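The structure under discussion appears below in the form of structure tokens.
Counting starts at 1 for both ligands and their atoms, following the listed order. Just so we're clear, the structure is a prediction, and the values are computed from it rather than from any experiment.
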Amino acid sequence: MTTRDKYTIVVTSDRYGNERGGLEFEQELIDAVEDLDLTLSSRACISEDALISAAQGADALLVSTREAITRRVLENIPQVKVISRYGVGLDNVDLDAAADVGIVVTHYPGYCTSEVADHALAMILALNRRIVELDRSLRAGVWVQHGPATRTILGGPVQPLREQTLGIIGFGRIGQAVAARVTPFGVTILAADPYVDPETIRAVGAEPVSLEELLRRSDIVTIHCPLTPETRGLIDADALALMKPTAVLVNTARGPIVDLPALAQALQEGRLAGAALDVVDPEPLPAESPFYQMPNVILTPHSAYYSERSVDVVRRETLLEALQVLRGKRPRTVANPAVLEKVTLEP
Ligand code: NAI
């Protein structure tokens, strides 16, 4: 009988494989692995100290969005060979530090492109048609109290979507999927993405513009860039001041891209007509946040990624990609390619 290499996998995610959801899904996949001797455990944690403690003795970490995978953490988890991120965004992982200490970081981009694009579209349509606002006011008795006086019942103007201009910030997978979804509505589409060739933008019927022009001209702005040092606070008070007072903002990317106090102020002062936020900073949004009181704001709990299918895909692929690295093989995506100078992975 051949001996199999022994490895320990620790799930630090607070979403999957934790005490709420159980590890059955991951365990079933592991049980089917014949070439490695694997032990799986879960310890949902976020803080640096808790992560360092959870990762002692671990060979692989499966992480979510909120764990602080900082340089300090990475320098204190010597046995870890791979960190596999459930999902797309890598803003919570110090990729350079991981490369410095020889830890491979992998993730699974694309698992929820259509889910997020659908979610953004739903928010765009809901804001434009005032669906959530009307539903709330109807339940509060507005129709009954005021009779069929359309203007009173509607509580505000509704612009025809076909005459609106949609600005997409970040024209990658999700941004392009949003463009494809809104095209049949006859909307004018602008896109701001300094890293995408303008011809790629034009090829799908959108107009490449600067961020400033996008903010000035758009009736609806939807954010689909990653959170990076460059995009942190991208939509700050100055950016919001460029937007039309009739415009609305949709964020399904990352909370810190938008300066939330500045957004709250713009909405309160009527300098912006509405917002839809799937992501905020911090998450969850504190109970005292003014957004809960604003009828023109739609909130969802960082759920744009979610569908029954996307969750199964990301749970399976996150684990399988980590196993590839433990086998000394290259996973589909190495998010910190500089690590390959330190670690040899077979193709
Ligand atoms: P992607 O990498 O395909 O596209 C991102 C685009 O943003 C790229 O084209 C890039 O050039 C562009 N970009 C980078 N810096 C920019 C800047 N300063 N200004 C404008 N554009 C810039 O990524 P994908 O798959 O489209 O995902 C986008 C983001 O969506 C992820 O980074 C993640 O943070 C977020 N996301 C949110 C989810 C949710 O549940 N709410 C789920 C999945 C992703």
| query | Quick one: do Arg330 and Glu346 make a salt bridge, cutoff under 4.0 Å? | reply | no
| remark: His302 heavy atoms within 4.0 Å reach ligand 1 at atoms 39 (C), 40 (O), 41 (N)
| Out of Arg254, His107, Gln176, Glu230, whose heavy atom is nearest to atom 34 (O) of ligand 1? | Arg254
| task | Any atoms of ligand 1 less than 4.0 Å from a non-hydrogen atom of Val196? List them with their elements. | result | 9 (O)
| request: Using a strict 4.0 Å cut-off to heavy atoms of Cys112, name the atoms of ligand 1 that fall inside it. | output: 42 (C), 43 (C)
| For atom 7 (O) of ligand 1, what's the nearest protein heavy atom and its distance? | Pro226 CD, 3.2 Å
| Quick one: do Arg217 and Glu207 make a salt bridge, cutoff under 4.0 Å? | yes
| message | Under a 3.5 Å threshold, yes or no: a donor from one side chain and an acceptor from the other, between Tyr108 and Arg85? | response | no
| task | Can you pull out the closest protein heavy atom to atom 35 (C) of ligand 1? Residue, atom name and distance to 0.1 Å, please. | result | Ala253 O, 3.6 Å
| query | Where's the contact between Tyr306 and ligand 1, heavy-atom distance under 4.0 Å: side chain, backbone, both or neither? | reply | neither
| Sidechain N-carboxylate O distance under 4.0 Å for Arg316, Asp312 | no
| note | Looking only at protein heavy atoms, what sits closest to atom 37 (C) of ligand 1 is Thr252 O, 3.2 Å
| Atoms of ligand 1 less than 4.0 Å from Val116 heavy atoms? | 38 (C), 42 (C), 43 (C)
| Side chains of Glu269 and Gln265: is there a donor and an acceptor less than 3.5 Å apart? | yes
| atom 31 (C) of ligand 1: the protein heavy-atom neighbour that sits closest, reported with distance to 0.1 Å | Val88 CG1, 3.9 Å
| query | For ligand 1, is there an N or O atom under 3.5 Å from any N or O atom of Ser303? | reply | no
| message | So that I can tick it off, tell me whether Arg309 and Glu115 are bridged by a salt bridge, with the cut-off set at under 4.0 angstrom between side-chain N and carboxylate O. | response | no
| Nearest option to atom 29 (C) of ligand 1, as decided by whichever heavy atom of Gly255, Gly89, Cys225 sits closest | Cys225
| Protein residue, atom and distance nearest to atom 9 (O) of ligand 1, heavy-atom basis | Asp193 OD2, 2.7 Å
| field | Under 3.5 Å side-chain donor-acceptor pair for Arg66 and Ser13 | value | no
| remark: The closest protein heavy-atom partner of atom 4 (O) of ligand 1 is Gly172 CA, 3.2 Å
| Region of Leu234 that comes within reach of ligand 1 [heavy atoms, distance under 4.0 Å] | neither
| said: Under 3.5 Å between any N/O of Arg173 and any N/O of ligand 1: does that happen in this structure? | reply: yes
| note | for atom 15 (N) of ligand 1, nearest protein heavy atom and its distance come out as Tyr195 CE1, 3.4 Å
| Asp91 N/O under 3.5 Å from ligand 1 N/O | no
| request: Could you go through the salt bridge (charged side-chain N to carboxylate O under 4.0 Å, His left out) check for Arg71 and Asp96 one step at a time? | output: CA-CA 8 Å; Arg71 182 172 285 277; Asp96 294 338; over 6 Å; no
| With the threshold set at 4.0 Å, does a side-chain nitrogen-carboxylate oxygen contact exist between Arg202 and Asp197? | no
| Can Thr300 and His302 be counted as having a side-chain donor-acceptor contact under 3.5 angstrom? | no
| message | Using the rule salt bridge (Lys or Arg N to Asp or Glu O under 4.0 Å), only one of Glu26, Glu28, Glu24, Glu308 pairs with Arg315; which is it? | response | Glu26
| Backbone, side chain, both or neither: what part of Glu115 comes under 4.0 angstrom of ligand 1, heavy atoms only? | neither
| Within-cut-off N or O pair, Asp278 and ligand 1, under 3.5 Å | yes
| Distance-only polar pair, side chains of Glu133 and Asn296, donor-acceptor under 3.5 Å | no
| note | Atoms of ligand 1 under 4.0 Å from any heavy atom of Ala192, numbered from 1 in the order shown, are 20 (C), 21 (N)
| task | Consider every N or O of Thr231 and every N or O of ligand 1, then say whether any pair is closer than 3.5 Å. | result | no
| Looking only at non-hydrogen atoms, which of Gly170, Pro194, Ser310 approaches atom 19 (N) of ligand 1 most closely? | Pro194
| message | Just to confirm my output: which protein heavy-atom neighbour is closest to atom 40 (O) of ligand 1, and how far is it? | response | Tyr305 N, 3.1 Å
| Carboxylate-amine/guanidinium contact Arg4 Asp35, below 4.0 Å | no
| message | I need the Leu51 CG to Gln56 CD distance, nearest 0.5 Å. | response | 11.0 Å
| query | Are Leu227 and ligand 1 in contact, using a heavy-atom cut-off of under 4.0 Å? | reply | no
| Quick one: salt bridge (charged side-chain N to carboxylate O under 4.0 Å, His left out) partners of Asp259, sequence neighbours excluded? | none
| field | Geometric N/O contact Ile174 with ligand 1, under 3.5 angstrom | value | yes
